[in-house]
Amino acid sequence: MKRYNPSEIEPKWQAVWEDKHVNDVVIDTNKQKLYIAGMFPYPSAAGMHTGHAFSYSIVDAIARFHRQHGRNVLNPMGWDTFGLPAENYAIKTGTAPAVITAENIANFKKQFKRMGVSIDWSREINTSDPEYYRWTQWVFTKLFERGLAYQKESLQWWCPVDKTVLANEQVEGGHCWRCGTLVEKKSMQQWFFKITDYADALLDEIPDLDWPQKIKTAQTNWIGKSLGAEVEFKVDGRDDVITVFTTRPDTLFGATFVVLAPEHALARELAVGDYAERVNEYVKTAVKKSEIERMNDTKEKTGVFTGSYAINPANGAKMPIWIADYVLIGYGAGAIMAVPAHDERDFAFAEKFDLPVVEVIDKPETGDERVYSGEGNLVNSGVFDGQSTSDAREEIVAWLEQEGTGRAKTSYKMRDWLISRQRYWGAPIPIIHCPEHGAVAVPEDQLPVVLPEVKDFAPKGDGKSALASVDEWVNTTCPTCGGPAKRETDTMDGYACSSWYLLRYADPANSQQAWDPKIANYWAPVDYYVGGDHAVAHLLYVRFWTHVFNDMGLTEFKEPVKKLVYHGYINAEDGTKMSKSKGNVIDPLDVIDQGYGADALRTYLLFMGPVELDAAWDSRGIAGVYRFLNRIWVLAQEYQDSAKDFTNNDAAVRRAQHKAVRKVTDDINRLSFNTAISTLMEYTNELYKLKVDGFSSGVWLEALQVMMQLIAPFAPHLSEELNNQLGVNELVQNLPWPVWDDSLIVEQTMTVIVQVNGKLRAKLDVARDITEADVKALALANDHVASFIGNKKPTKVIYVPGRLVSIVV
RNA sequence: GCGCGGAUGGUGGAAUUUGGUAGACACGAGAGACUUAAAAUCUCUUGGCCUCACGGUCGUGCGGGUUCAAGUCCCGCUCUGCGCACCA
């Protein structure tokens, strides 16, 4: 008998698949298309980790399952190669990022093949390939044309170690996401994408997305839409007007002071007399402090009075104007009307600085909190007294609009997407600065703007990338007037590159356009997108760009991803995150090499638990899965070596088979891989029990071939090898997925349970077509059941067909 | 603080759709078979308590409720993971 040896059969079938290009696909309108993609990896020097292995095991199980259903399955792969690790390595060693990137890609690709992932390698893309970023730049110029890419001087997060600007989501708890350094604020000219123009469009589609609720909620919160009003407050004795944003215009009569953010344009101007110096001082320190530091300052309110007053348009009250850093310049109007009676923060501030508190909502009796922020009826609100807060919100806004001192207004927490990076290793922003014409987009026929070769990759710390020191590259001519001009030296955020790659996969070799809309519309949108990271950033940006492409007529759809499969993390055996420093990292390739093979690794990763849950690696767990695969192997060998002359177990074998087909099909369809695999274990265990009665040629052969079909999404090499050993010359993925026949699963008898007062008292084996009257009689006649009824008379006897008889006494 | 999840044996988890036999499957543990021995493999047992056994009884984080019947539905808590966090 041959032994199960993954290190022999896995390379063998990987070579067959590769030689025959079995996963390369072209448009075929006779087949149903299915586009699946895992989030493409950053090819790090460390190679694949277990998280990658898990992610792509999910992708491959789904891809193979659908391929076996005869669908035209697109499963591409590419490389997200721009980024800091390669650049930092270059700075340290002088090796060009492109060189080390190529090595890492080669390693990753080899690892993907050793995992047996069924990828169409003819579509491989690489974001740092000029043929790819040419079109990333092209998209930039289109956004620029449409006013969706613009420059703005702004205070930005700045990492003093990486010497680059960081986006909000690259700052984690006040520290750089890459190097952990405390970030600072710096004012610079930056490029932005105007994602805020699409806030409503992006928000509107969220309910219809077949995505996990937590991701949808995270995106909704990130966009942070609030309905409210703008209210204008005249400054007493001056021409200035302060505009504030509030979600509670109903509390206008309770506004007792106004607070401006330190960065507010009027902050210093309104400081009068003796107050000027203190305001100046406060503003200076507040601006210098990072927002994070402000937050960590235990939320203790700080602020200074300007000496100026505003007039409440509702009641003419004089309201002192304060400057405080709890008001953020980036949200709303950068100024608020403070209603201390009904807002916690305003109350804390009023308490600290002894400012007046005026209640304008009649609190419910039960409310004993000092600050009531709920609903109720208005008091102290002039003509609006007695109105409910919800009515008053509309009425007061209407009144303000009539008076010309306010209007309904919607605010968003989301800010525009900062894409400038002062780094070398990114796609150059395709802009030329002309003294005459300002910022001019590089024309399409001059793309790509290729990254020049340099020797020193380090930014100089002057806020510019290493590109700025390549004079012959920087100095160019203006596309509009031909006069001397300079290239933009910032590169794009890597998220720009990954915001359209799913479309490029559809048409990866197109040298005339980013993609042919006809081809993209056949494959995309993505049916399944698999990943376990980027809840907001990438998944929001890719939606944003696709909405824009739809507006440009480049796609027929707005949303790039139909179903998002968001999986958990694989942790170390102790349940903590794997990390090099703790030395608890499991290398998936090591696991394969130890002799378990890729099939056991993949099957184990999917067997650990539901895909969306985090799981802890267990070295004994993978041994168990290996045992299971080995049992399938041994069974197939025993079948082949046997005389095949007994047939008395055929019906049972057939029933086990059809039951397994039904359950595995259902389970994979709902992405419940762990239960699909457990079903296959049960099926195997059942066949082991049945084999003691001997094998028959027809039914057993089919049962085993079906086993190979069902296990193929998880353990494709074992499946292919045994399928072949069982005499089938066709590859498993070209065979139809097995179907089940319910009539073969149904047994002649069924088990009906009997409950007395809700407690299980007996199990009855009855004929499937038994009548309700018969089964009830049988239940009542059962001795054990009768002993619990005693001489009482049942008040109720309920029969749930096929399940139970419930007797109430 | 706000939002979204989760809590089931010694462990990971199952009980999908529509409330209907809680603990599938696997790991671990225990026993046995094979072996000079070990490994591997195979078979059996394995939620707690009571019982020789048949069986009984308790049991899905806690407290209530609805129902013939609740892990599942409702109300109120506790703990925990994650996301956002002075967003007016």
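Protein chains get the first letters and strands the later ones, always in sequence-line order, with residue 1 at the start of each. Quantities reported herein were computed from a predicted structural model and do not represent experimental measurements.
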Tell me the partner of rU43(B), counting only Watson-Crick (N1-N3 plus N6-O4 or O6-N4) or G-U wobble (N1-O2 and O6-N3) with both under 3.5 Å; none if nothing fits. rA31(B)

Now, which nucleotide makes the Watson-Crick or G-U wobble pair with rU72(B), with each of the two distances under 3.5 Å? none

Considering every strand and a 4.0 Å limit on heavy-atom distances, what is the contact class for I677(A): base, sugar-phosphate, or nothing? nothing

Applying the Watson-Crick and G-U wobble criteria at under 3.5 Å, what pairs with rA15(B)? Answer none if nothing qualifies. none

Got a donor-acceptor pair under 3.5 Å from the side chain of K301(A) to the base of rC86(B)? yes

With the sugar-phosphate defined as primed atoms, P, OP1 and OP2, and the base as all remaining atoms, what B/S/- string results for nucleotides 19-24 of chain B, 5' to 3', for protein heavy atoms under 4.0 Å? -BB--B

Complementary nucleotide of rG61(B), counting Watson-Crick and G-U pairs under 3.5 Å: rC77(B)

Counting Watson-Crick and G-U wobble pairs only, both distances under 3.5 Å, name the nucleotide matched with rC52(B), or none. none

Could you let me know what rA85(B) is paired to, Watson-Crick or G-U wobble, both distances under 3.5 Å, or none if it's on its own? none

Residues within residues 663-671 of chain A bordering RNA chain B, heavy-atom distance below 4.0 Å: R670(A)

From C-beta outward on Y688(A), which listed nucleotide comes closest to its side chain: rA88(B), rA14(B), rU43(B)? rU43(B)

Counting just side-chain N and O atoms, does R3(A) come under 4.0 Å of either OP1 or OP2 of rU41(B)? no

